[in-house]
Amino acid sequence: RKEVEQDPGPFNVPEGATVAFNCTYSNSASQSFFWYRQDCRKEPKLLMSVYSSGNEDGRFTAQLNRASQYISLLIRDSKLSDSATYLCVVNRNYQLIWGAGTKLIIKP
Amino acid sequence: GAVVSQHPSWVICKSGTSVKIECRSLDFQATTMFWYRQFPKQSLMLMATSNEGSKATYEQGVEKDKFLINHASLTLSTLTVTSAHPEDSSFYICSAIEGRMNTEAFFGQGTRLTVV
C-alpha cells in the first residue's frame, strides 16, 4: 500500500459544477500537507497548504482530518482552466511524499 | 515566492553521452533537494533526495551510478545522467525545500531530456 493514495481519475466534470477529491495517508507522523496542481508538461505548482482547521482560497477549500488520515480538496463553480492533475503531498520529517495525482477534466 | 531555477529546460543528446542538469535555489538556502522523473501521462516519481554536503538517498530501482547527484552547496544540486540511453528520455524535475517545517516545496521548470 502506498503511503499517500489518490484516486487517479479522470474526473470528468461539467463546467460550473462542484467537485471534490480525497487523499489518504498512512503515516500518522505526517506533519504538513499540501495540494499541488500540475498542468500537462509543466512543473507542479502549489495550490494551497492544508491546515487542521480547514482553509479556503476563493473557489478552493482544503480540509484535513487527522483522525481518519485524509485530506480533501473541494472546487466550486469549476472552470475550464481548472483542468489539471491535482497532487496531494505530505511532509514527514522534511521528506515529501507524493500522491500519484488525480486528473480533473472540466468539460464545457 | 521562492524561486528554483533549473536548466537546461530541454536537451537532446546522443545515446552513450552524459547530460548534466542543474537546479539552483535563487533566494533561499535549500537544505534538501529532490529529483523527480516523470514519463508521459504518469505521475512524478521520486528518484533521490539530497541533503547539502551528504550523499544522496536513492529510491529503490534508481541506479546511483547512472544518475549522479551532487549537492555541494545550499543553493545548487546537479543531476548527471551518465551513458544516457533512449529509455532515459523523460521529464526531470527538481524541487527544493528550505528546511523549515510546514514549508512548501518549490519546483524548477523541469528538463525535457530526449536521447536519440
Side-chain angles (χ1 to χ4, degrees), chain A residues 2-11 21 23 25 27 29-53 55 57 60 62 64 66 71 73 83-105, chain B residues 1-10 21 23 29-52 54 56-60 71 74 89-114:
Chain A
K2 294 180 181 177
E3 186 168 343
V4 177
E5 295 209 65
Q6 295 183 251
D7 182 338
F11 285 42
F21 24 85
C23 163
Y25 61 96
N27 195 319
S30 302
Q31 291 141 326
S32 53
F33 310 86
F34 308 90
W35 282 105
Y36 278 75
R37 169 194 169 129
Q38 186 177 26
D39 294 292
C40 188
R41 292 176 167 255
K42 296 288 182 87
E43 75 276 18
K45 292 186 185 296
L46 179 68
L47 180 64
M48 57 199 304
S49 302
V50 187
Y51 303 118
S52 297
S53 55
N55 47 302
D57 182 3
F60 298 85
L64 166 64
R66 285 193 183 270
I71 67 172
L73 178 67
S83 297
T85 296
Y86 291 83
L87 301 159
C88 167
V89 186
V90 170
N91 184 335
R92 174 172 56 77
N93 296 327
Y94 305 115
Q95 295 297 308
L96 296 179
I97 318 296
W98 292 77
T102 297
K103 186 168 184 177
L104 175 65
I105 300 171
Chain B
V3 177
V4 173
S5 175
Q6 181 177 344
H7 72 90
S9 55
W10 62 270
I21 303 170
C23 181
Q29 293 186 326
T31 52
T32 306
M33 285 189 170
F34 306 89
W35 286 96
Y36 298 87
R37 180 168 51 181
Q38 187 174 36
F39 293 106
K41 299 186 179 181
Q42 294 188 23
S43 63
L44 289 172
M45 289 173 49
L46 179 64
M47 299 175 67
T49 301
S50 73
N51 293 296
E52 183 265 338
S54 61
T57 303
Y58 288 81
E59 295 298 300
Q60 193 172 9
H71 192 166
L74 283 170
S89 299
S90 187
F91 190 48
Y92 293 85
I93 312 176
C94 71
S95 74
I97 60 174
E98 200 175 352
R100 291 178 290 113
M101 195 56 66
N102 297 327
T103 189
E104 65 184 272
F106 301 97
F107 282 85
Q109 302 91 328
T111 298
R112 191 159 301 282
L113 170 64
T114 303

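Just so it is clear: chains get the letters A, B, ... in the order the sequence lines come, proteins before strands, and each one is counted from 1.
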Output the option from A:Pro8, A:Ala100, A:Cys40 having the highest count of non-hydrogen pairs under 4.5 Å with chain B.
A:Ala100

CZ of B:Phe107 to CG of A:Leu46: how many Å apart, nearest 0.5 Å?
9.5 Å

Tell me if the CZ atom of B:Phe39 is crowded by more than 12 foreign heavy atoms within 6.0 Å.
yes

Side chain, backbone, both or neither of A:Ile97 within contact of chain B (heavy atoms, under 4.5 Å):
neither

For chain A, which of B:Ile93, B:Asn51, B:Leu44 has the most heavy-atom pairs under 4.5 Å?
B:Leu44

Atom group of A:Lys45 that falls short of 4.5 Å from chain B, counting heavy atoms:
neither

By a 4.5 Å heavy-atom criterion (distance strictly below it), what part of B:Gln38 contacts chain A: side chain, backbone, both, or neither?
side chain

